[in-house]
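Values below: all heavy atoms of this structure, side chains included; hydrogens, waters and symmetry mates excluded.
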Amino acid sequence: MSSERYDVVVAGAGPAGLLAAALVAGRGHRVLLLERGPCPGALPGVVVRERSAAVNVVIENERVAGVRHRPEGEPARTVRARYVVDASGGDSLLRRHVAGARGSSGLAVYACFTAGGGAAGPRRFPFDGGWFWIAPAGDGLTRVGAVVRPDLADLVRADPERALSGFAEACPPVRDFLAGATRARGGPGLIRVRPHWSYADDRLWRPGMVLVGDAACAVGPQSPPSRGTHLACRGAGLAAGALDGFLRGAADEAAVFAEFERRYRTAYDEILHDEILHDEVLHDEVLHDDALNHGAPDGAAPHGEAPHGEGPHEGLPFGDGPRSPLPGLSR
């Protein structure tokens, strides 16, 4: 028996999957939505198969051409599609066919700097140990930080200042930016370290398949749920626009999905920047409350802060400290 055929198969009926299915169907395309659990409701123009888990994809000539799914209590079936949307979550069985290494959880190490011209919007730069971000922090400051692999955590904890400097040496755009920068004085200039649970896949699409929602990227569990939902829905909307253009023959596949990925990553970086800023505000509130409630010895600063002017590099140009790359990092 020949397999079913659709324009688009969406795997997963979370916020990203539901929105992507509804938007693509609303533009006149035939859409099948697969959900491994009960589906929250019907969608106009969308064929819904609940309790049917997507378990693999069909690949022909290096292109994803369909999905293998297993209805509850039944043998696996094949459905063919011009495009597959994987919205089946962070534990997706399908994403491995698109993504390279997932941007793993680890540590974020960051501080604020003053620099001529500041930063225009969040920017992201990969390096061997993870990735950097540079983003405006308000009051003329720029926040610069690295999110690093878990295996580098001990190096960060042992000497956060040297770690941040060494990571910058391994990332030329950040090294060049910091060459003319000065660490901020006081609290904003403190180098901070915190767990980082957000992630983004190295690739978000391939011919015939695109990732959205937690299958593509997610912010950490410490973030308000609304941020994760906003990011998932943003990705779904961008994917739906790219799919419509490609399916109608109005857009080149490579160009339209490269733009989808660029804009999705920008949305991720903006939310990640807000998440780190939110954590920093909470951290400052905790330090302030501790100082008020418990006090600090005369002449001492609250825990986590150096007395003003006593930090060895506080207020100095960042390049004045040691600049040797850390072990395991290339220039």
Task: Pairing of Glu60 and Arg63 as salt bridge, 4.0 angstrom limit - done: no

Task: Side-chain (Arg143) to main-chain (Ala137) donor-acceptor, under 3.5 angstrom - done: no

Task: Short side-chain to backbone donor-acceptor contact, Tyr83 and Val64, under 3.5 Å - done: no

Open item on the list: Below 30° counts as parallel, above 60° as perpendicular, anything between as tilted: where do the rings of Phe127 and Phe167 land?
Closed with: tilted

Open item on the list: For Arg68, is there any backbone N or O sitting under 3.5 Å from a side-chain donor or acceptor partner on Asn56?
Closed with: no

Open item on the list: Are Phe125 and Val144 connected into the same hydrophobic cluster when the rule is that any two of I, L, V, M, F, W, Y join if their side-chain heavy atoms are below 4.5 Å apart?
Closed with: yes

Task: Tyr110 side chain vs Val147 backbone, donor-acceptor pair below 3.5 Å - done: no

Task: Any donor-acceptor N/O pair, Glu253 side chain to Gly208 backbone, under 3.5 Å - done: yes

Open item on the list: I'd like to know if the side chain of Arg149 and the backbone of Asp128 have a donor-acceptor N/O pair within less than 3.5 Å.
Closed with: yes

Open item on the list: Whether Arg27 and Asp7 form a salt bridge (side-chain N of Lys/Arg under 4.0 Å from carboxylate O of Asp/Glu) is what I want to check.
Closed with: no

Open item on the list: Students often mix this up, so state it plainly: with edges at 30° and 60°, are the rings of Phe257 and Phe260 parallel, tilted or perpendicular?
Closed with: perpendicular

TODO: Look at the side chain of Thr266 and the backbone N and O of Arg262, then say whether any donor-acceptor pair between them is shorter than 3.5 Å.
DONE: yes

Open item on the list: Which residue is it: Arg49, Arg77, Arg80? I am looking for the one with a salt bridge (Lys or Arg N to Asp or Glu O under 4.0 Å) to Glu4.
Closed with: Arg49

TODO: Verify the cluster assignment for Val47 and Val9: are they in a single hydrophobic cluster under the rule of side-chain heavy atoms below 4.5 Å apart?
DONE: yes

TODO: Examine distances only and state if a side-chain atom of Arg263 and a backbone atom of Leu238 form a donor-acceptor pair shorter than 3.5 Å.
DONE: no

Task: Hydrophobic cluster identity match, Val212 and Leu247, side-chain contacts under 4.5 Å - done: yes

Task: Phe113-Val193 co-clustered via ILVMFWY side chain contacts under 4.5 Å - done: yes

Task: Any donor-acceptor pair under 3.5 Å from Asp86 side chain to Ser88 backbone - done: yes

